[in-house]
Q: 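Here it is: the structure, laid out below.
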Amino acid sequence: MYHLIIEKTDLDLKKTLMSGQVFRYEMDINSTNDLESRNYYILIYREYAVLVTEEEAGYLFHCSDTEFKRIWYHYLDLGRDYETVNNRIVRIDPRLEIAINNNRGIRILRQDPFEMLITFIISQSKAIPQIRLLVNNIAKSYGTYTKTIRGEDIFSFPTAKQLEHLREEDFRMLKFGYRASYLVAAVKWALEEPSLLMTSIDDYMVNIGDEQLKKNLLSIKGVGDKVAACVMLFGYARHKSFPIDVWMRRIMNVLYFHEEDKKTDKDMEAFGRCLFGEDAGIAQQYLFEYGRVELKLMNKK
DNA sequence: ATCCAGGCCCGAT
DNA sequence: ATCGGGCATGGA
(Lines give C-alpha, C1' and ligand atoms only; values in the text may rest on other atoms or scores of the structure.)
Protein backbone atom coordinates (compact mmCIF):
# COMPACT_ATOMS: atom_id res chain seq x y z
CA MET A 1 0.00 0.00 0.00
CA TYR A 2 2.63 2.56 0.97
CA HIS A 3 5.66 3.39 -1.07
CA LEU A 4 8.87 4.33 0.64
CA ILE A 5 11.53 6.54 -0.86
CA ILE A 6 14.83 5.74 0.78
CA GLU A 7 17.02 8.36 -0.82
CA LYS A 8 16.42 11.61 1.01
CA THR A 9 19.46 13.06 -0.69
CA ASP A 10 17.83 12.90 -4.11
CA LEU A 11 14.65 14.51 -2.87
CA ASP A 12 14.22 17.34 -0.40
CA LEU A 13 10.51 18.03 -0.19
CA LYS A 14 10.80 21.06 2.05
CA LYS A 15 13.28 22.80 -0.20
CA THR A 16 11.37 21.83 -3.33
CA LEU A 17 8.05 23.11 -2.02
CA MET A 18 9.55 26.36 -0.77
CA SER A 19 11.55 27.08 -3.92
CA GLY A 20 8.91 29.33 -5.45
CA GLN A 21 7.84 27.04 -8.27
CA VAL A 22 4.75 25.60 -6.56
CA PHE A 23 2.05 27.37 -4.61
CA ARG A 24 -0.44 24.65 -3.82
CA TYR A 25 0.79 22.32 -1.11
CA GLU A 26 0.56 21.91 2.62
CA MET A 27 3.47 21.43 4.93
CA ASP A 28 3.91 20.97 8.66
CA ILE A 29 7.45 21.01 9.92
CA ASN A 30 7.97 20.15 13.56
CA SER A 31 11.17 21.12 15.25
CA THR A 32 10.73 18.52 17.99
CA ASN A 33 11.81 14.92 17.70
CA ASP A 34 8.47 13.74 18.99
CA LEU A 35 7.62 10.56 17.13
CA GLU A 36 3.94 11.45 17.16
CA SER A 37 4.53 14.71 15.33
CA ARG A 38 6.61 13.87 12.34
CA ASN A 39 6.99 16.33 9.52
CA TYR A 40 4.40 15.89 6.85
CA TYR A 41 3.63 17.29 3.43
CA ILE A 42 0.59 17.23 1.19
CA LEU A 43 1.23 17.24 -2.55
CA ILE A 44 -1.50 18.13 -5.00
CA TYR A 45 -1.64 17.28 -8.68
CA ARG A 46 -4.88 17.61 -10.61
CA GLU A 47 -7.48 15.42 -8.93
CA TYR A 48 -4.84 13.69 -6.82
CA ALA A 49 -3.57 14.60 -3.38
CA VAL A 50 -1.23 12.62 -1.20
CA LEU A 51 0.05 12.74 2.35
CA VAL A 52 3.80 12.28 2.69
CA THR A 53 5.37 11.74 6.09
CA GLU A 54 9.04 12.05 6.81
CA GLU A 55 10.48 8.92 8.39
CA GLU A 56 14.01 8.07 9.47
CA ALA A 57 14.55 6.03 6.34
CA GLY A 58 12.95 8.43 3.87
CA TYR A 59 9.66 9.83 2.70
CA LEU A 60 6.59 7.68 3.14
CA PHE A 61 3.88 8.22 0.53
CA HIS A 62 0.42 7.37 1.83
CA CYS A 63 -0.99 6.06 -1.40
CA SER A 64 -1.02 2.93 -3.49
CA ASP A 65 2.09 1.76 -5.23
CA THR A 66 0.26 2.26 -8.51
CA GLU A 67 -0.60 5.88 -7.75
CA PHE A 68 2.93 6.59 -6.65
CA LYS A 69 4.44 5.20 -9.80
CA ARG A 70 1.89 6.79 -12.08
CA ILE A 71 1.53 10.21 -10.50
CA TRP A 72 4.03 11.18 -7.85
CA TYR A 73 7.16 9.64 -9.33
CA HIS A 74 6.38 11.69 -12.41
CA TYR A 75 5.31 14.85 -10.56
CA LEU A 76 8.57 14.86 -8.60
CA ASP A 77 10.62 14.23 -11.74
CA LEU A 78 12.22 11.25 -10.02
CA GLY A 79 13.19 9.70 -13.35
CA ARG A 80 15.89 12.31 -13.83
CA ASP A 81 19.38 11.91 -12.40
CA TYR A 82 20.03 15.28 -10.79
CA GLU A 83 23.58 14.38 -9.75
CA THR A 84 24.58 14.18 -13.39
CA VAL A 85 22.91 17.52 -14.04
CA ASN A 86 24.59 19.05 -10.98
CA ASN A 87 27.99 17.87 -12.16
CA ARG A 88 27.43 19.42 -15.56
CA ILE A 89 26.42 22.72 -13.97
CA VAL A 90 29.44 22.81 -11.65
CA ARG A 91 31.69 22.12 -14.61
CA ILE A 92 30.19 25.13 -16.36
CA ASP A 93 30.41 27.43 -13.35
CA PRO A 94 32.22 26.12 -10.24
CA ARG A 95 30.85 28.98 -8.16
CA LEU A 96 27.47 27.29 -8.19
CA GLU A 97 28.77 24.35 -6.18
CA ILE A 98 27.88 26.16 -2.94
CA ALA A 99 24.33 26.76 -4.12
CA ILE A 100 23.99 23.15 -5.25
CA ASN A 101 25.30 21.81 -1.95
CA ASN A 102 22.90 24.02 -0.04
CA ASN A 103 19.97 23.01 -2.22
CA ARG A 104 20.55 19.36 -2.97
CA GLY A 105 17.23 17.58 -3.40
CA ILE A 106 15.39 20.47 -5.04
CA ARG A 107 13.58 19.16 -8.08
CA ILE A 108 11.76 20.88 -10.91
CA LEU A 109 8.20 19.65 -10.46
CA ARG A 110 6.07 18.58 -13.40
CA GLN A 111 2.94 20.53 -12.62
CA ASP A 112 -0.23 20.98 -14.61
CA PRO A 113 0.26 23.43 -17.51
CA PHE A 114 -3.05 25.23 -17.12
CA GLU A 115 -2.53 25.67 -13.39
CA MET A 116 0.94 27.07 -14.07
CA LEU A 117 -0.42 29.46 -16.68
CA ILE A 118 -3.02 30.89 -14.33
CA THR A 119 -0.70 30.87 -11.34
CA PHE A 120 2.12 32.76 -12.98
CA ILE A 121 -0.21 35.31 -14.53
CA ILE A 122 -1.42 35.94 -11.00
CA SER A 123 2.14 36.04 -9.67
CA GLN A 124 3.11 39.29 -11.36
CA SER A 125 3.68 42.05 -8.83
CA LYS A 126 2.67 39.82 -5.96
CA ALA A 127 4.54 38.38 -3.02
CA ILE A 128 4.61 34.61 -2.60
CA PRO A 129 2.22 34.42 0.39
CA GLN A 130 -0.31 36.48 -1.59
CA ILE A 131 0.02 34.21 -4.61
CA ARG A 132 -0.61 31.17 -2.42
CA LEU A 133 -3.70 32.78 -0.95
CA LEU A 134 -5.14 33.70 -4.35
CA VAL A 135 -4.59 30.32 -6.03
CA ASN A 136 -5.99 28.48 -3.04
CA ASN A 137 -9.04 30.72 -3.09
CA ILE A 138 -9.74 30.08 -6.75
CA ALA A 139 -9.35 26.35 -6.14
CA LYS A 140 -11.83 26.43 -3.27
CA SER A 141 -14.27 28.49 -5.30
CA TYR A 142 -14.12 26.72 -8.65
CA GLY A 143 -12.09 23.54 -8.24
CA THR A 144 -13.36 20.13 -7.23
CA TYR A 145 -13.22 18.83 -3.69
CA THR A 146 -10.78 15.93 -3.62
CA LYS A 147 -10.36 14.71 -0.08
CA THR A 148 -9.53 15.77 3.44
CA ILE A 149 -6.04 15.11 4.73
CA ARG A 150 -5.12 15.89 8.34
CA GLY A 151 -8.07 18.23 8.58
CA GLU A 152 -7.24 20.08 5.37
CA ASP A 153 -9.90 20.09 2.66
CA ILE A 154 -8.01 19.63 -0.58
CA PHE A 155 -9.44 20.95 -3.85
CA SER A 156 -8.15 20.34 -7.34
CA PHE A 157 -7.17 23.42 -9.27
CA PRO A 158 -10.03 24.35 -11.61
CA THR A 159 -9.77 23.27 -15.22
CA ALA A 160 -10.23 25.74 -18.06
CA LYS A 161 -13.70 24.28 -18.49
CA GLN A 162 -14.55 25.07 -14.89
CA LEU A 163 -13.52 28.70 -15.41
CA GLU A 164 -15.15 29.00 -18.81
CA HIS A 165 -17.99 31.30 -17.84
CA LEU A 166 -16.11 33.60 -15.49
CA ARG A 167 -16.08 37.23 -16.49
CA GLU A 168 -13.63 39.91 -15.61
CA GLU A 169 -15.75 41.05 -12.69
CA ASP A 170 -15.87 37.51 -11.31
CA PHE A 171 -12.09 37.44 -11.23
CA ARG A 172 -12.00 40.90 -9.70
CA MET A 173 -14.25 39.68 -6.96
CA LEU A 174 -11.59 37.10 -6.17
CA LYS A 175 -9.16 40.01 -5.70
CA PHE A 176 -7.14 39.44 -8.85
CA GLY A 177 -7.18 43.14 -9.60
CA TYR A 178 -5.93 44.25 -13.02
CA ARG A 179 -4.95 40.66 -13.83
CA ALA A 180 -8.64 39.80 -14.19
CA SER A 181 -8.75 40.52 -17.92
CA TYR A 182 -5.56 38.49 -18.42
CA LEU A 183 -7.20 35.52 -16.74
CA VAL A 184 -10.23 35.73 -19.01
CA ALA A 185 -7.84 35.74 -21.98
CA ALA A 186 -5.88 32.79 -20.61
CA VAL A 187 -8.99 30.67 -20.08
CA LYS A 188 -10.18 31.50 -23.58
CA TRP A 189 -6.77 30.53 -24.96
CA ALA A 190 -6.79 27.22 -23.07
CA LEU A 191 -10.22 26.32 -24.39
CA GLU A 192 -9.12 27.12 -27.92
CA GLU A 193 -5.80 25.28 -27.66
CA PRO A 194 -6.75 22.06 -25.90
CA SER A 195 -3.93 20.22 -27.62
CA LEU A 196 -1.46 22.31 -25.64
CA LEU A 197 -2.93 21.20 -22.35
CA MET A 198 -2.40 17.59 -21.55
CA THR A 199 -5.51 15.62 -20.91
CA SER A 200 -3.75 12.90 -18.99
CA ILE A 201 -0.38 12.49 -17.42
CA ASP A 202 0.56 10.12 -20.19
CA ASP A 203 0.56 12.70 -22.94
CA TYR A 204 2.66 15.05 -20.89
CA MET A 205 5.05 15.80 -23.68
CA VAL A 206 2.98 17.98 -25.92
CA ASN A 207 4.06 17.49 -29.49
CA ILE A 208 5.31 20.98 -30.14
CA GLY A 209 8.72 22.61 -30.14
CA ASP A 210 9.96 25.05 -27.52
CA GLU A 211 9.89 28.04 -29.83
CA GLN A 212 6.39 27.39 -31.08
CA LEU A 213 5.08 26.75 -27.59
CA LYS A 214 6.61 29.98 -26.34
CA LYS A 215 5.17 31.91 -29.24
CA ASN A 216 1.77 30.45 -28.45
CA LEU A 217 1.97 31.40 -24.79
CA LEU A 218 3.17 34.93 -25.59
CA SER A 219 0.06 35.45 -27.69
CA ILE A 220 -1.98 35.55 -24.49
CA LYS A 221 -2.56 39.04 -23.16
CA GLY A 222 -0.86 39.20 -19.78
CA VAL A 223 1.81 36.64 -20.60
CA GLY A 224 5.29 38.02 -21.20
CA ASP A 225 8.73 36.43 -21.35
CA LYS A 226 8.96 35.72 -17.65
CA VAL A 227 5.54 34.14 -17.21
CA ALA A 228 5.92 32.11 -20.40
CA ALA A 229 9.30 30.80 -19.27
CA CYS A 230 7.90 29.76 -15.90
CA VAL A 231 4.93 28.00 -17.48
CA MET A 232 7.25 26.17 -19.86
CA LEU A 233 9.65 25.13 -17.14
CA PHE A 234 7.25 24.17 -14.36
CA GLY A 235 4.28 23.15 -16.50
CA TYR A 236 5.86 21.57 -19.55
CA ALA A 237 9.24 20.46 -18.16
CA ARG A 238 11.04 22.45 -20.85
CA HIS A 239 14.36 22.59 -19.09
CA LYS A 240 15.96 24.96 -21.55
CA SER A 241 13.73 27.71 -20.13
CA PHE A 242 15.52 30.34 -18.10
CA PRO A 243 13.05 32.73 -16.44
CA ILE A 244 14.45 36.17 -15.59
CA ASP A 245 12.92 38.00 -12.66
CA VAL A 246 14.13 40.64 -10.23
CA TRP A 247 16.15 38.12 -8.23
CA MET A 248 17.77 36.63 -11.30
CA ARG A 249 18.64 40.11 -12.52
CA ARG A 250 20.38 40.87 -9.26
CA ILE A 251 22.33 37.65 -9.06
CA MET A 252 23.39 37.72 -12.70
CA ASN A 253 24.55 41.29 -12.33
CA VAL A 254 26.87 39.99 -9.62
CA LEU A 255 28.05 36.76 -11.21
CA TYR A 256 28.18 37.53 -14.93
CA PHE A 257 27.62 41.23 -15.58
CA HIS A 258 27.73 44.62 -13.95
CA GLU A 259 24.87 47.03 -13.37
CA GLU A 260 26.53 49.38 -15.86
CA ASP A 261 26.21 46.77 -18.59
CA LYS A 262 22.49 47.50 -18.58
CA LYS A 263 21.70 44.02 -19.82
CA THR A 264 18.06 43.52 -20.70
CA ASP A 265 16.03 40.55 -19.54
CA LYS A 266 16.23 39.17 -23.04
CA ASP A 267 20.03 39.43 -22.99
CA MET A 268 20.16 37.60 -19.68
CA GLU A 269 17.79 34.87 -20.78
CA ALA A 270 19.82 34.27 -23.94
CA PHE A 271 23.03 34.26 -21.93
CA GLY A 272 21.73 31.72 -19.42
CA ARG A 273 20.31 29.41 -22.05
CA CYS A 274 23.55 29.58 -23.99
CA LEU A 275 25.68 28.94 -20.91
CA PHE A 276 23.70 26.07 -19.38
CA GLY A 277 21.88 24.65 -22.39
CA GLU A 278 19.60 21.76 -21.51
CA ASP A 279 20.26 22.38 -17.80
CA ALA A 280 19.28 26.07 -17.87
CA GLY A 281 16.07 25.57 -15.91
CA ILE A 282 17.71 23.68 -13.08
CA ALA A 283 20.69 26.04 -13.06
CA GLN A 284 18.25 28.93 -12.80
CA GLN A 285 16.74 27.33 -9.72
CA TYR A 286 20.14 27.11 -8.02
CA LEU A 287 20.95 30.66 -9.05
CA PHE A 288 17.61 31.79 -7.68
CA GLU A 289 18.24 30.13 -4.33
CA TYR A 290 21.79 31.47 -4.35
CA GLY A 291 20.37 34.93 -4.90
CA ARG A 292 17.75 34.63 -2.20
CA VAL A 293 20.35 33.68 0.41
CA GLU A 294 23.73 35.09 -0.59
CA LEU A 295 22.54 38.41 -1.94
CA LYS A 296 20.35 39.03 1.03
CA LEU A 297 23.44 38.63 3.21
CA MET A 298 25.48 40.92 0.97
CA ASN A 299 22.86 43.65 1.08
CA LYS A 300 22.63 43.47 4.86
CA LYS A 301 26.05 44.97 5.35
C1' DA B 1 1.72 57.04 5.26
C1' DT B 2 4.46 55.70 1.15
C1' DC B 3 6.49 52.07 -1.27
C1' DC B 4 6.68 47.98 -3.77
C1' DA B 5 6.03 43.06 -4.63
C1' DG B 6 9.20 36.84 -8.80
C1' DG B 7 5.38 41.83 -14.77
C1' DC B 8 3.04 43.26 -18.59
C1' DC B 9 0.46 46.46 -21.60
C1' DC B 10 0.40 50.45 -24.10
C1' DG B 11 1.40 54.79 -25.78
C1' DA B 12 5.12 58.08 -26.68
C1' DT B 13 9.70 58.60 -28.39
C1' DA C 1 13.43 49.02 -30.54
C1' DT C 2 13.23 51.10 -26.02
C1' DC C 3 11.35 53.82 -21.98
C1' DG C 4 8.16 54.92 -18.38
C1' DG C 5 3.61 55.31 -16.38
C1' DG C 6 -0.27 52.77 -14.93
C1' DC C 7 -2.37 48.98 -13.11
C1' DA C 8 -5.17 46.28 -8.06
C1' DT C 9 -4.23 44.62 -3.81
C1' DG C 10 -2.20 44.11 0.66
C1' DG C 11 1.78 43.83 3.67
C1' DA C 12 6.01 46.17 5.56
Side-chain angles (χ1 to χ4, degrees), chain A residues 15-25 99 103 106 108-109 111 115-138 141 166-189 214-235 238 241-255 257 259-273 280-296 298-300:
Chain A
K15 285 200 165 71
T16 300
L17 294 175
M18 301 213 307
S19 67
Q21 60 176 304
V22 54
F23 300 92
R24 305 203 60 229
Y25 61 86
N103 295 286
I106 282 195
I108 305 289
L109 298 176
Q111 301 180 74
E115 178 173 347
M116 290 299 93
L117 175 59
I118 299 299
T119 298
F120 281 99
I121 287 174
I122 292 168
S123 78
Q124 56 188 97
S125 290
K126 284 276 173 206
I128 289 179
Q130 276 305 310
I131 302 167
R132 290 203 59 182
L133 203 61
L134 289 169
V135 294
N136 281 313
N137 282 346
I138 196 172
S141 301
L166 296 212
R167 313 203 145 284
E168 200 175 314
E169 61 244 44
D170 299 316
F171 284 116
R172 279 183 188 271
M173 237 175 292
L174 289 171
K175 306 294 180 189
F176 289 116
Y178 67 88
R179 302 160 196 77
S181 66
Y182 301 164
L183 294 174
V184 172
V187 171
K188 186 163 179 286
W189 176 88
K214 179 156 197 182
K215 207 178 133 198
N216 251 294
L217 289 166
L218 288 176
S219 74
I220 305 167
K221 193 176 122 187
V223 176
D225 285 323
K226 194 269 179 180
V227 170
C230 285
V231 174
M232 291 183 68
L233 181 57
F234 305 128
R238 303 296 175 109
S241 301
F242 196 77
I244 302 297
D245 57 37
V246 285
W247 289 101
M248 282 300 288
R249 259 200 299 281
R250 284 174 203 155
I251 187 68
M252 290 191 78
N253 269 331
V254 170
L255 288 179
F257 310 113
E259 285 292 345
E260 312 87 82
D261 293 341
K262 298 264 188 259
K263 293 292 182 185
T264 66
D265 291 358
K266 272 195 196 311
D267 294 335
M268 291 191 176
E269 183 179 355
F271 180 87
R273 292 176 55 137
I282 295 178
Q284 182 268 353
Q285 206 64 26
Y286 293 132
L287 286 165
F288 182 68
E289 294 301 329
Y290 185 88
R292 281 218 293 203
V293 179
E294 308 292 324
L295 281 190
K296 204 173 284 179
M298 288 172 61
N299 290 339
K300 281 265 164 70

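Here is the naming used below: chain letters follow the sequence lines, and residue numbers restart at 1 for every chain. Quick note: numbers below take in every heavy atom, side chains included, and nothing from hydrogens, waters or symmetry partners.
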Q: Donor-acceptor check, side chain of A:Asp170 to backbone of A:Arg167, threshold 3.5 angstrom: yes or no?
A: yes
Q: Using the ring of each side chain (for Trp, its six-membered ring), is A:Phe288 parallel, tilted or perpendicular to A:Trp247, with breaks at 30° and 60°?
A: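 A:Phe288 and A:Trp247: perpendicular rings.
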Q: Under 4.0 Å between any heavy atoms, over every strand shown, what does A:Ser19 touch: base, sugar-phosphate, or nothing? Just pick one.
A: base
Q: Please check the phosphate of B:dC8 (OP1 and OP2 only) for any side-chain N or O of A:Arg179 closer than 4.0 Å.
A: no
Q: Could you give the CD1-to-C1' distance, from A:Ile220 to B:dC8, as a whole number of Å?
A: 13 Å
Q: Give a yes or no on whether a donor-acceptor pair under 3.5 Å exists between the nucleobase atoms of B:dG7, that is its base, and the side chain of A:Tyr182.
A: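 Donor-acceptor pair under 3.5 Å: no.
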Q: Counting side-chain heavy atoms from C-beta on, which of B:dG7, C:dA8, C:dT9 comes nearest to A:Arg172?
A: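 Ranking B:dG7, C:dA8, C:dT9 by closest atom to the A:Arg172 side chain puts C:dA8 first.
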Q: Say we look at B:dG6 and C:dG6: how far apart would their P atoms be, to the nearest angstrom?
A: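 Here B:dG6 and C:dG6 have their P atoms 22 Å from each other.
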Q: Using the ring of A:Tyr25 (Phe, Tyr or Trp, six-membered ring only), decide whether A:Arg132 places NZ or CZ under 6.0 Å from its centre and within 45 degrees of its axis.
A: yes
Q: Just call it for A:Ile131: base, sugar-phosphate, or nothing, with non-hydrogen atoms closer than 4.0 Å on any strand.
A: nothing
Q: Take atom CZ of A:Arg132 and atom P of C:dG10, then tell me their distance rounded to the nearest Å.
A: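 Computing the A:Arg132:CZ to C:dG10:P distance gives 18 Å.
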Q: Base, sugar-phosphate, or nothing: which does A:Gly222 touch, judged by heavy atoms less than 4.0 Å apart?
A: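 Answer is sugar-phosphate: A:Gly222 comes under 4.0 Å of backbone atoms only.
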Q: Just the rounded figure in Å: distance from P of B:dG7 to CD1 of A:Ile128.
A: 10 Å
Q: Classify the nucleic acid contact of A:Phe288 as base, sugar-phosphate or nothing, counting any heavy atom under 4.0 Å across all strands shown.
A: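 Here A:Phe288 touches the bases of the nucleic acid.
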Q: Between atom CD in A:Gln124 and atom P in B:dC4, what is the gap in whole Å?
A: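 Atom CD in A:Gln124 sits about 18 Å away from atom P in B:dC4.
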Q: Closest nucleotide of DNA chain B for A:Lys221 versus for A:Met248: which of these residues is on the 5' side?
A: A:Met248
Q: Between B:dC9 atom P and A:Leu218 atom CG, what is the distance in whole Å?
A: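 It is 8 Å, rounded to the nearest whole Å.
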Q: Looking at A:Asn103 and A:Glu289, what are the two nearest heavy atoms and their distance?
A: ND2-CB, 3.5 Å
Q: What is the distance from CD of A:Glu269 to P of B:dC8, rounded to the nearest Å?
A: 11 Å
Q: Rounded to whole angstrom units, what separation is found between the NZ atom of A:Lys226 and the P atom of B:dA5?
A: 13 Å
Q: Which nucleotide in the list B:dC8, B:dA5, C:dG10 gets nearest to the side chain of A:Arg250?
A: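 Closest nucleotide among those given: B:dA5.
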Q: Between B:dG7, C:dG10, B:dA5, which one does the side chain of A:Val246 approach most closely?
A: B:dG7
Q: To the nearest angstrom, how far is A:Leu183 atom CG from C:dA8 atom C1'?
A: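 Nearest whole value for this atom pair: 12 Å.
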Q: Less than 4.0 angstrom between a side-chain N/O of A:Gln130 and OP1 or OP2 of C:dG11, yes or no?
A: yes
Q: Apply salt bridge (Lys or Arg N to Asp or Glu O under 4.0 Å) to residues A:Glu269 and A:Lys214 and explain how you reach the verdict.
A: CA-CA 13 Å; A:Glu269 183 179 355; A:Lys214 179 156 197 182; 2.8 Å; yes
